[in-house]
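The block underneath contains the structure these notes are about, expressed in structure tokens.
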Amino acid sequence: MLISVIIPAYNVERFIKKTIKSALDQSQVGEVIVIDDGSTDSTLQIVSELQASTPILKVYQHKDGINKGRGATRNLGIHKATQDYIAFLDADDFYLEDRFKGDEHVFNDSNVDGVYNAVGFHFYREPLDSEKIHFKPNTLSKRLKPEELFDGIVSSKYGYLHLNGLTVKKSVFDKSGYFNETLRVTQDSDIIFKMALVCNLYPSNIEEPVSKRGIHTENVFTKSEIYKEYNPKLFESLVSWSLKNKIKKDKIDTLLNWQWFHKFEQKKTVGAYTRYWIAFIFKNPRLMLSILAIKYFPIIRLRKRLFPRFYN
């Protein structure tokens, strides 16, 4: 089992050496692919110097060295990968010892498309008391069958998965498609949910972290306003993809429920929501033939708020 580890890198001069070394230290890694996403600091220089003495370290950039975001950057890494298995590692994170040891055993079953593990946190600054409680390992509280995984993670009922703990066959992307390059954030959730819907993902080590996420002052996932904007877009993307890929109606129903949950957080008028929903249906004509078009019409969804007298 040989793995291509894909590392998207943008202005991570503080962390990139540690990140790359943690991947190179794994015996199952056949190549480490760093995609520099238009860095303006010394990231590219550091990686290029490491590459000179490390044959399995490969470095690429987008055309003209431009910045295209993490979705496009990971996609370029997938296209450049030469091994049969792929794993991801963010450039400010790192793997722990024996990261892929458990994965090898799970992949002995040919029915397995991918394997997921627990991912922990490493603070590069002093953590706040509230963060010590909030930043718990990204993992699941129980071992789920592949057909149970989507429902277990889309609602966070059994926890969360993180890309750093995921190892998949390269052929998986023929089923799930690639990262959504239009999403500034949440591309990782998008691809994980898609894989959970169409692939057989199995747990490996969900008890102890096999990698660590770096917590520092520049983390994008601490910027709640960006996620408030993009969480609805995430589920819009998933619904459109699910309709095109003939995903079961009950799964699309679940996605639409979460789409509206996040959309309502934007606190717009009923008129704005109605225009949004009509436009969304026209973009996804398969919805017109479904009862879901009526079920999720804003006036129906907000009926208790709009007509409280009838629900007392």
Side-chain angles (χ1 to χ4, degrees), residues 1-7 19 22-23 25-29 74 83-90 92-123 127 131-173 175-176 179 186-215 219 221 234 238 251 254 258:
M1 177 182 180
L2 287 177
I3 301 165
S4 297
V5 175
I6 296 170
I7 303 174
T19 301
S22 76
D25 285 345
Q26 313 297 323
S27 62
Q28 300 88 350
V29 171
R74 290 185 180 120
Q83 306 301 329
D84 292 332
Y85 297 86
I86 287 180
F88 298 96
L89 184 59
D90 287 347
D92 51 357
D93 303 340
F94 56 91
Y95 289 149
L96 298 176
E97 187 177 359
D98 292 328
R99 156 68 178 88
F100 299 104
K101 185 176 181 180
D103 295 9
E104 286 186 296
H105 297 295
V106 182
F107 274 116
N108 284 333
D109 182 347
S110 60
N111 187 51
V112 176
D113 293 317
V115 176
Y116 53 89
N117 300 269
V119 175
F121 296 91
H122 175 81
F123 282 86
E131 290 177 325
K132 293 177 182 178
I133 299 172
H134 175 71
F135 285 112
K136 296 179 180 179
N138 294 134
T139 189
L140 300 188
S141 59
K142 64 179 292 187
R143 293 179 174 270
L144 300 176
K145 296 177 181 178
E147 60 270 23
E148 301 171 331
L149 182 60
F150 171 77
D151 291 321
I153 60 176
V154 73
S155 64
S156 307
K157 181 179 180 180
Y158 296 111
Y160 304 86
L161 298 182
H162 191 272
L163 276 181
N164 288 352
L166 188 67
T167 311
V168 298
K169 293 177 178 176
K170 189 177 182 182
S171 57
V172 157
F173 297 98
K175 300 179 182 179
S176 67
F179 285 87
T186 70
Q187 321 96 335
D188 48 355
S189 296
D190 180 81
I191 199 74
I192 288 172
F193 289 154
K194 288 174 180 175
M195 288 180 182
L197 284 167
V198 296
C199 302
N200 291 319
L201 302 184
Y202 285 83
S204 181
N205 185 352
I206 61 172
E207 292 77 28
E208 298 293 333
V210 300
S211 63
K212 292 285 186 78
R213 300 173 64 182
I215 307 300
N219 290 126
F221 59 78
L234 161 65
L238 288 165
K251 306 301 183 186
T254 298
W258 284 102

Exactly one of Asp103, Asn164, Asn205 clears side-chain hydrogen bond (donor to acceptor under 3.5 Å, both in side chains) with Asn117, and that residue is Asp103

Nearest heavy atoms of Leu140 and Gly159, plus distance in Å | CD2-C, 3.8 Å

Would a distance-only check, ignoring hydrogens and angles, find a side-chain to backbone donor-acceptor pair under 3.5 Å from Ser211 to Val119?
-> no

Which value, rounded to the nearest 0.5 Å, describes the distance between Lys194 atom NZ and Lys175 atom NZ?
-> 15.5 Å

Hey, is Arg143 close enough to Glu207 for a salt bridge, meaning N to O under 4.0 Å?
-> yes

Partner of Asp90 under salt bridge (charged side-chain N to carboxylate O under 4.0 Å, His left out), chosen from Lys212, Arg213, Arg74 | Arg74

Determine, using ring centers only, whether Tyr85 and Phe100 are less than 6.0 Å apart.
-> no

Rounded to the nearest 0.5 Å, how far does CG of Leu161 lie from CG of Leu201?
-> 8.0 Å

Rounded to the nearest 0.5 Å, how far apart are OH of Tyr202 and CG of Asn111?
-> 4.5 Å

Heavy atoms of Val5 and Ala23 approach each other most closely as CG1-CB, 4.1 Å

State the CG-OH distance between Asp25 and Tyr95, to the nearest 0.5 angstrom.
-> 12.5 Å

When rounded to the nearest 0.5 angstrom, what distance separates CG in Asp188 from CZ in Phe179?
-> 7.5 Å

Begin with the C-alpha distance, continue with both residues' side-chain angles, and end with the deciding distance and a verdict on side-chain contact (heavy atoms from CB on, under 4.5 Å) for Leu89 and Asp93.
-> CA-CA 7 Å; Leu89 184 59; Asp93 303 340; 4.0 Å; yes

Checking Gln26 side chain against Leu96 main chain: does a donor-acceptor pair fall under 3.5 Å?
-> yes

Might you work through the side-chain contact (heavy atoms from CB on, under 4.5 Å) test for Ile86 and Lys170, ending with a clear yes or no?
-> CA-CA 6 Å; Ile86 287 180; Lys170 189 177 182 182; 3.7 Å; yes

Could you please spell out the steps behind the side-chain contact (heavy atoms from CB on, under 4.5 Å) verdict for Val168 and Ser176?
-> CA-CA 11 Å; Val168 298; Ser176 67; over 6 Å; no

Point-to-point distance, once rounded to the nearest 0.5 Å, from OG of Ser171 to CG of Asp113 = 6.5 Å

Quick one: do Leu238 and Trp258 satisfy side-chain contact (heavy atoms from CB on, under 4.5 Å)? Show the steps, please.
-> CA-CA 11 Å; Leu238 288 165; Trp258 284 102; over 6 Å; no

Between Thr167 and Arg99, does any side-chain donor sit less than 3.5 Å from a side-chain acceptor?
-> yes

Could you tell me whether Glu148 atom CD has more than 12 heavy atoms of other residues or ligands within 6.0 Å of it?
-> yes

